[in-house]
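These notes concern the structure reproduced below.
All chains are named by letter (A, B, ...) in the order of the sequence lines, taking the proteins before the strands, and each is independently numbered beginning at 1.
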Protein chains: 2
Amino acid sequence: MSSSVQSKRVRKTPEARRAEIVDRAAAIALAEGLECITMRRVAEELDVRPGLISHYFPVAEDLVAEAFGSAASAELDELLPSARTPGQPLRYLARFFALTSGENYDGMSRLWLNARHLSRYREILRDRVGHQECLWRDRLTELIREGADAGTVRTDDPVAAAIQILVVLDGLSAHANTDRSDRPAVVSGMAVSTAERVLGLAVGSLAALATATPADRTTGHPTTDHN
Amino acid sequence: MSSSVQSKRVRKTPEARRAEIVDRAAAIALAEGLECITMRRVAEELDVRPGLISHYFPVAEDLVAEAFGSAASAELDELLPSARTPGQPLRYLARFFALTSGENYDGMSRLWLNARHLSRYREILRDRVGHQECLWRDRLTELIREGADAGTVRTDDPVAAAIQILVVLDGLSAHANTDRSDRPAVVSGMAVSTAERVLGLAVGSLAALATATPADRTTGHPTTDHN
DNA sequence: TTGCCTATTGGTCGCACATCCAATAGCGTG
DNA sequence: CACGCTATTGGATGTGCGACCAATAGGCAA
């Protein structure tokens, strides 16, 4: 329980304080949306005065963009780790879809929708979203290309495949907020089935890989066990 | 040019005034987003005092939901008219995709993204969005089913097909705000190619129909010309 | 024309926000 | 231990918002 009485003032290095602020703002964004990032709110949660936040981020929008970038980057490293045990692109792809379908991904999924919408009004955030978009696409493209080179994936345009997969994921994110179709199977299965089609994989092959290699957000990486 | 001096007070019937307010709010939503619908803003554009708006909409959120519903319904009737000249489901489908890809659709596309995001916080709006989602899906399903019955479309699940098409359209809307892929063809072609696949149509057939029957937002309906 | 009903006004309240700045006090340095 | 640098405070300013309500005046009916 955070006490509501303010503690004695604590002095930290600018770098540490700045990181602390961004982390807190990112947590708020994931839990309640980018609009909930306010100087007052972040200050309160850090048990600091609002003036301090605006000292580090004279323009509020910078903090919002920074928070989004931080959250998105962290999630990207979680979903599509840049350092991989080589030779298993399909396992990583399966893991990617398992994680993006899981309930743990809800927050990030909403955050992307949130950021995309807010991008219309806030230029700084728009640039950041565009940048993250490139990062995600490149990371996914790299994985697909590795699969294509190894022959486990069949596509003549890895970039296009990555884009199409991400677009469908965005569509699913958008729909998730208000879906009333009463056809959860149709909706939830779209990402994987689209991926299997785009990547020239057999129907159900990704799902099979996912169950064979349970997605573990703690250990993070696909196992290198038999088969 | 609207003069900034306020004119003499004009007394209208509640129905007329209410409709006027909703129309104005819907226009604001389409042009600048649902967040820009404020009592003060709508009042100013109607040359009326803010108190009047809150008289008709004691809770602001009701006006926002009403504005979205109004705009979405109008667009639905434009894109997927309920009264159709029978026997041409494919032409209407082609027209639908031509219109949703056009620049005129940008506003509505953003509005959906906007509404989906805001739905997370505002319950009243969420219900309205869910309702509109059903309307759109049902209207599209009906069209697909008509095609399936006529044999021009091949699908064993018209509802699933409609959902998948709408999900991809949502994904494209989301992406449109920040796309940096430098692969416009990949992105813009996704809706139609997904539709052709889901509906069991030959690649390019919808595009061919669209050019043969130019989408005219004025006359609105596919022509009944030869062929 | 008169009078009444009610649509409309104009003003107020409280709240939350970003932004700014002089004063303060934590803490490493000497 | 004393000092000075600067991270941090606290308070003020101005904006825009929804909500509320007694007073007003438009326009229809009698």
### Query
What integer distance in Å separates A/Glu35:CD from D/dC17:P?
16 Å
### Length of the CG-P vector between B/Leu52 and D/dA22, whole Å
18 Å
### Query
Hey, is the side chain of A/Ser54 poking within less than 4.0 Å of OP1 or OP2 on C/dT19, counting only N and O atoms?
no
#### Entry: Phosphate OP1/OP2 of D/dT24 contacted by B/Arg9 side-chain N/O (<4.0 Å)
no
#### Entry: Euclidean distance, atom CE of residue A/Met39 to atom P of D/dT13 [Å, nearest integer]
20 Å
### Message
Ignoring hydrogens and geometry beyond distance, is the side chain of A/Arg11 in donor-acceptor contact with the base of D/dT6 at under 3.5 Å?
### Response
yes
### Summary
Testing D/dA7, D/dG18, C/dT8 for proximity to the side chain of A/Pro14, the answer is D/dA7
### B/Phe57 CZ to C/dT8 P, straight-line distance once rounded to whole Å
13 Å
### Task
Would you give the length of the straight line joining atom OG1 of A/Thr141 to atom CD of A/Glu146, rounded to the nearest 0.5 angstrom?
12.5 Å
### Summary
note: B/Glu20, atom CD; C/dA7, atom P; distance rounded to Å ~ 15 Å
### Query
Quick one: A/Arg40 CZ to D/dG10 P, roughly how many Å, whole number?
14 Å
### Query
Quick check: are there more than 12 heavy atoms from other residues, nucleotides or ligands sitting under 6.0 Å from CD of A/Glu61?
yes
### Query
Is any NZ, NE, NH1 or NH2 atom of the basic residue among A/Arg116 and A/Glu133 found under 4.0 Å from an Asp or Glu carboxylate oxygen of the other?
yes
### Query
Do B/Tyr121 and A/Glu35 have side-chain atoms, one donor and one acceptor, less than 3.5 Å apart?
yes
### Task
Check the distance between C/dT8's C1' and B/Glu44's CD and give it to me in whole angstrom.
18 Å
### Task
Whole angstrom is fine here: how far is it from CZ in A/Arg41 over to P in C/dC17?
9 Å
### Query
Would one find a side-chain N or O of B/Tyr56 under 4.0 angstrom from OP1 or OP2 of C/dA7?
no
### Query
More 5' along DNA chain C: B/Lys8 or A/Glu61, using each one's nearest nucleotide?
B/Lys8
### Query
Does a nitrogen or oxygen in the side chain of B/Arg17 sit under 4.0 Å from OP1 or OP2 of C/dT8?
yes
### Query
From C/dG10, D/dG26, D/dA19, pick the nucleotide closest to the side chain of B/Arg49?
C/dG10
### Message
Within the supplied structure, the quantity of interest is the number of heavy atoms (other residues, nucleotides, ligands) at a distance under 6.0 Å from B/Arg183 CZ; does it exceed 12?
### Response
yes
